Protein chains: 2
Amino acid sequence: MSVQERKARERAERERLIVATARELAEQQGWDAVTTRRLAERIEYSQPVLYSHFRGKREIIGAVALEGATELATAVRAAAAAAHGPRARVAALARGYLDFAERNPAVYDALFQLDGGLPYAQEDTPEPLKDAFAALLETLGEVAGEGVAPGLFTEVFWAALHGLATLTRAGRLPPQDAERRVELLVDRLAVL
Amino acid sequence: MSVQERKARERAERERLIVATARELAEQQGWDAVTTRRLAERIEYSQPVLYSHFRGKREIIGAVALEGATELATAVRAAAAAAHGPRARVAALARGYLDFAERNPAVYDALFQLDGGLPYAQEDTPEPLKDAFAALLETLGEVAGEGVAPGLFTEVFWAALHGLATLTRAGRLPPQDAERRVELLVDRLAVL
DNA sequence: AAACGATCCTAGCACCGCTAGACAATCGAG
DNA sequence: CTCGATTGTCTAGCGGTGCTAGGATCGTTT
């Protein structure tokens, strides 16, 4: 049995290598540069090996997305926990979210811009994705205000953050007023 | 001279045909299906003809984006004009914007998701893009509130709409509560 | 040691964006 | 009207993409 266990371990290890390498390559040169050939070369295996782990490129993106979701949840919770009082917590959450998006653009794209073949907002949504939303909900639910469903409020706040993150990075919004936009968003949306 | 004029006219006509066909194909089957081969076949010319009008596929996307910007501006202005009172106007603008995004997903992508090679938020930004933002500003500037720059407020409101539009269409947000999300956004962000 | 299975790679498919160079049609000059 | 030049368009092809079939090779088991 030990031999099979070792093989399974090595296989799992290689799968992690693939995901980590894809992520690294995407952060360095963008997702367009993540081709199956380049990826295969970097992990020092041939292309078909990738397909023994993933159905295709889409699933690799999905794997990076799941990894990113866990980290996003952690980042958001850490940011919120470091602040005191509802107002400061929400502002910290917003900055933490945007900061994550800015520092991990490829991961953010895998999560919310590209097609990783993952189901969102459904029962069979993978746990990391649900948890990332839950991390937002924990802080934002407190400032939803009277008669507003916390989930709905979180969705709207999240959408606003997502819009700021993507439009800013794509050069659709000038980067300099980012902080003032966050302030405005927090002050207006959250009921304190 | 008349011969050259006719040729120029025919050239311009063919260029319109290319853009219209690209847009049509994108709306029907998505931008991934808009390949230079398919596009050339649909306009009944060979591939290289495309490159005598545009530098490449990116510029074709850009041309569709410019067309879309003009339409978006018109749609937003029409929606706002049909409503009376600040609250109703802002809500109508929001619905008009989201409606445009939903009905013209490929055009919306060309504008705000894909790279059309256009400069945004700069001095040399093409007029249609500036005007689309201006259309938002006209209505949203009135409800920015005391001490808040109309431009900044418009940016935030726009980002929120963009987030709702993209996340909803990508299946990241459940579609059923769309209207309630708009209501919440308008009630909280706008100062009436 | 030999045969078997799992594992991996070479080679290739159809498609992509883009372009060089041959060809044909049209134009202007003599 | 003819002939050369210019303009316009096409065929063919380049290097790249995601993905896969089929053969070789390796480690394992008997």
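Just so you know, these numbers come straight off a predicted model, no measurement behind them. Here is the naming used below: chain letters follow the sequence lines, and residue numbers restart at 1 for every chain.
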Heavy-atom check, side chain of F100(B) versus side chain of V107(B), under 4.5 Å: yes
Tell me, with the steps shown, if R38(A) and E41(A) meet salt bridge (Lys or Arg N to Asp or Glu O under 4.0 Å). CA-CA 5 Å; R38(A) 252 193 288 263; E41(A) 193 189 8; over 6 Å; no
In the single-linkage hydrophobic clustering (I, L, V, M, F, W, Y; side-chain heavy atoms under 4.5 Å), do V148(A) and L192(B) co-cluster? yes
Given atom CZ of F54(B) and atom C1' of dT19(C), what is their separation to the nearest angstrom? 18 Å
Could you check how far CZ of R11(A) sits from P of dG27(D), rounded to whole Å? 18 Å
From CD1 of I18(B) over to C1' of dT9(D), roughly how many Å is that when rounded to an integer? 13 Å
Any donor-acceptor pair, under 3.5 Å, between the side chain of R37(B) and the base of dG17(C), if you only look at N and O atoms? yes
Note: E123(A)-K130(A) ion pair, threshold 4.0 Å (strictly below): no
On the nucleotide dT9(D), are OP1 or OP2 found under 4.0 Å from the side-chain N or O atoms that S46(B) carries? no
In whole Å, I'd like the distance from the NZ atom of K57(A) to the C1' atom of dT17(D). 8 Å
Using whole Å, report how far CG of D32(A) lies from C1' of dG17(C). 12 Å
Is there a side-chain polar atom (N or O) of T36(A) under 4.0 Å from OP1 or OP2 of dC19(D)? no
Do Q113(A) and W31(A) have side chains that get closer than 4.5 Å, going by heavy atoms? no
Please give, in whole Å, the distance from dG18(D) C1' to I60(A) CD1? 11 Å
Please identify each residue that fulfils salt bridge (charged side-chain N to carboxylate O under 4.0 Å, His left out) with E67(B), with sequence neighbours left out. R23(B)
How many Å lie between CZ on R38(A) and P on dG18(D), as a whole number? 9 Å
Identify each atom pair where a protein N or O and an N or O of nucleotides 20-24 of chain D are less than 3.5 Å apart, giving names and distance.
none

Reckon R14(B) touches a base, only the sugar-phosphate, or nothing at all at heavy-atom distances under 4.0 Å? sugar-phosphate
Atom-pair distance (NE2 on H53(A); P on dT7(C)), nearest Å: 10 Å
At under 4.0 Å between heavy atoms, what does T35(A) touch on the DNA or RNA strands: base, sugar-phosphate, or nothing? sugar-phosphate
Looking at E183(A) and R180(A), does any basic side-chain N land under 4.0 Å from a carboxylate oxygen? no
